[in-house]
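What follows is a set of notes on a single structure, which appears directly below.
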Number of protein chains: 2
Amino acid sequence: MSDAPQPATLERSTSSRRSYTIGELAKVFEVTPRTIRFYEQEGLLTPERRGRNRVYHEKDRVRLKLTLRGKRLGFSLAEIREVIQLYDRAPDGDERQLQRLLDILAEKRLAMQQQLEDIRVLQQELDDVETRCRESLQVLKAARGKR
Amino acid sequence: MSDAPQPATLERSTSSRRSYTIGELAKVFEVTPRTIRFYEQEGLLTPERRGRNRVYHEKDRVRLKLTLRGKRLGFSLAEIREVIQLYDRAPDGDERQLQRLLDILAEKRLAMQQQLEDIRVLQQELDDVETRCRESLQVLKAARGKR
DNA sequence: AGTCTACTTTACGTAAACGTCAAGCTAGTC
DNA sequence: GACTAGCTTGACGTTTACGTAAAGTAGACT
């Protein structure tokens with residue numbers, strides 16, 4: 001219903017296409033279709049259905065991107081779902097809910113502060129290892145020169 | 001053997017104590033003893049043994065700290081073990097090994113760059129949600145004022 | 001009509017990272 | 001000397017996040 005006549009041609013890949021199959025989305029984000037279906041099952045995606053098949057739109061693409069970003073940061077799918085629900089429910093919801101959201105946001109923000117600090121420290125440690133590693137290499141090369 | 005007479009008294013908690021039991025370490029880092037034993041089983045810790053019991057020293061404390069930091073950043077225990085082994089083997093090892101270490105380091109560094117970017121984006125998104133959230137609250141309060 | 005190809009559901013399997021008993025040792029205390 | 005607290009090993013259980021067939025469907029091509 002209401003298949004608004006869109007300029008289907010001459011609008012190739014403006015990065016904001018109309019829809020995606022599960023296979024396309026999987027290829028783009030380098031995950032398996034199974035993973036995408038699993039995320040749907042976990043309430044992270046809500047694709048349209050055309051018959052049996054799933055049809056994904058920009059909203060889903062954005063959510064998937066967010067999900068994978070969250071995963072890279074070590075969030076569980078449950079936590080990511082929380083954030084997504086924040087995102088969706090932010091405009092409506094009563095005062096108590098909104099206040100609760102602000103609390104959760106503050107909490108997430110703290111976690112990310114911690115992560116920033118963790119990264120800072122870990123980078124410093126990697127620097128140390130690298131330095132010692134390069135020094136060892138120098139020693140080896142020097143020894144080889146004397147031979 | 002060789003229990004060098006250390007000033008055991010009047011040297012309370014200079015943060016660099018002599019040894020820890022598994023329970024102490026667990027309490028300090030807010031994990032269970034089971035977790036600590038598991039990390040040992042995975043090759044992340046190598047405590048001394050005094051009879052049957054495990055005795056942890058500074059080295060183990062540092063490693064545990066590193067491990068938990070890695071976990072917060074979403075690293076697997078296997079990856080963390082890699083880093084730890086880097087740390088230990090950096091000074092010795094042949095040239096090919098050292099070169100390999102440098103490669104792994106570069107790779108980890110890339111991953112952390114990605115994480116920094118991820119955090120940046122996510123913080124921006126949290127900002128957006130918070131803004132919309134606060135706007136909604138304003139609307140609610142205004143409506144309440146008019147009533 | 002037959003054959004791909006890409007989708008679908010259902011369901012069992014698996015690796016990681018612990019949790020949760022169970023049963024036993026051991027050093028210190030009442 | 002019984003008791004308790006804290007340690008030990010062993011083993012099975014649990015959650016998360018998918019992997020991996022199996023079996024069926026639906027559209028496109030030859």
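A note on names: the letters A, B, ... follow the listed sequences, proteins ahead of strands, and every chain is numbered from 1. Keep in mind that the numbers below use all heavy atoms, side chains included, and drop hydrogens, waters and symmetry copies.
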How does protein contact run along nucleotides 21-27 of chain D, one letter per nucleotide 5' to 3', with B for base contact, S for sugar-phosphate only, - for none, heavy atoms under 4.0 Å? -------
Among D:dT8, C:dT9, D:dC18, which nucleotide has an atom closest to any side-chain atom of B:Arg49? D:dT8
Do the side chains of B:Leu45 and B:Arg54 get nearer than 4.5 Å, heavy atoms only? no
Please tell me if A:Arg34 has a side-chain N or O lying less than 4.0 Å from either OP1 or OP2 of D:dT20. no
Phosphate OP1/OP2 of D:dG6: any B:Arg37 side-chain N/O under 4.0 Å: no
Counting C-beta onward and ignoring hydrogens, is there a side-chain heavy-atom pair between B:Gln114 and B:Arg109 closer than 4.5 Å? no
For DNA chain C, what residues of residues 65-78 of chain B have any heavy atom nearer than 4.0 Å? B:Lys71, B:Ser76, B:Leu77
Would you check if there is a donor-acceptor pair between the side chains of B:Asp128 and B:Gln124 at a distance under 3.5 Å? yes
For the pair made of CZ in B:Arg54 and C1' in C:dT26, what is the distance, rounded to whole Å? 16 Å
Do A:Glu117 and B:Arg72 have side chains that get closer than 4.5 Å, going by heavy atoms? no
With a 4.0 Å cutoff (strictly under), does any side-chain N or O of A:Thr21 reach OP1 or OP2 of C:dC7? yes
Return whichever of B:Thr35 or A:Pro33 has its heavy-atom-nearest nucleotide of DNA chain C closer to the 5' end. A:Pro33
Where do B:Thr67 and B:Ile80 come nearest, in terms of heavy atoms and distance? O-CD1, 3.4 Å
Between A:Arg49 (side chain) and A:Val55 (backbone), is there a donor-acceptor pair under 3.5 Å? no
Is the shortest side-chain N to carboxylate O distance from A:Arg63 to A:Asp88 below 4.0 Å? yes
Minimal non-hydrogen separation, B:Glu24 against B:Ser19, with atom names: OE1-O, 4.1 Å
On the nucleotide C:dT26, are OP1 or OP2 found under 4.0 Å from the side-chain N or O atoms that B:Arg50 carries? no
Heavy-atom pair with the smallest gap, counting every atom of A:Leu116 and B:Leu116: CD2-CD2, 3.5 Å
Ignoring backbone atoms, test whether A:Tyr39 places a side-chain nitrogen or oxygen under 4.0 Å from the OP1 or OP2 oxygen of D:dC18. yes
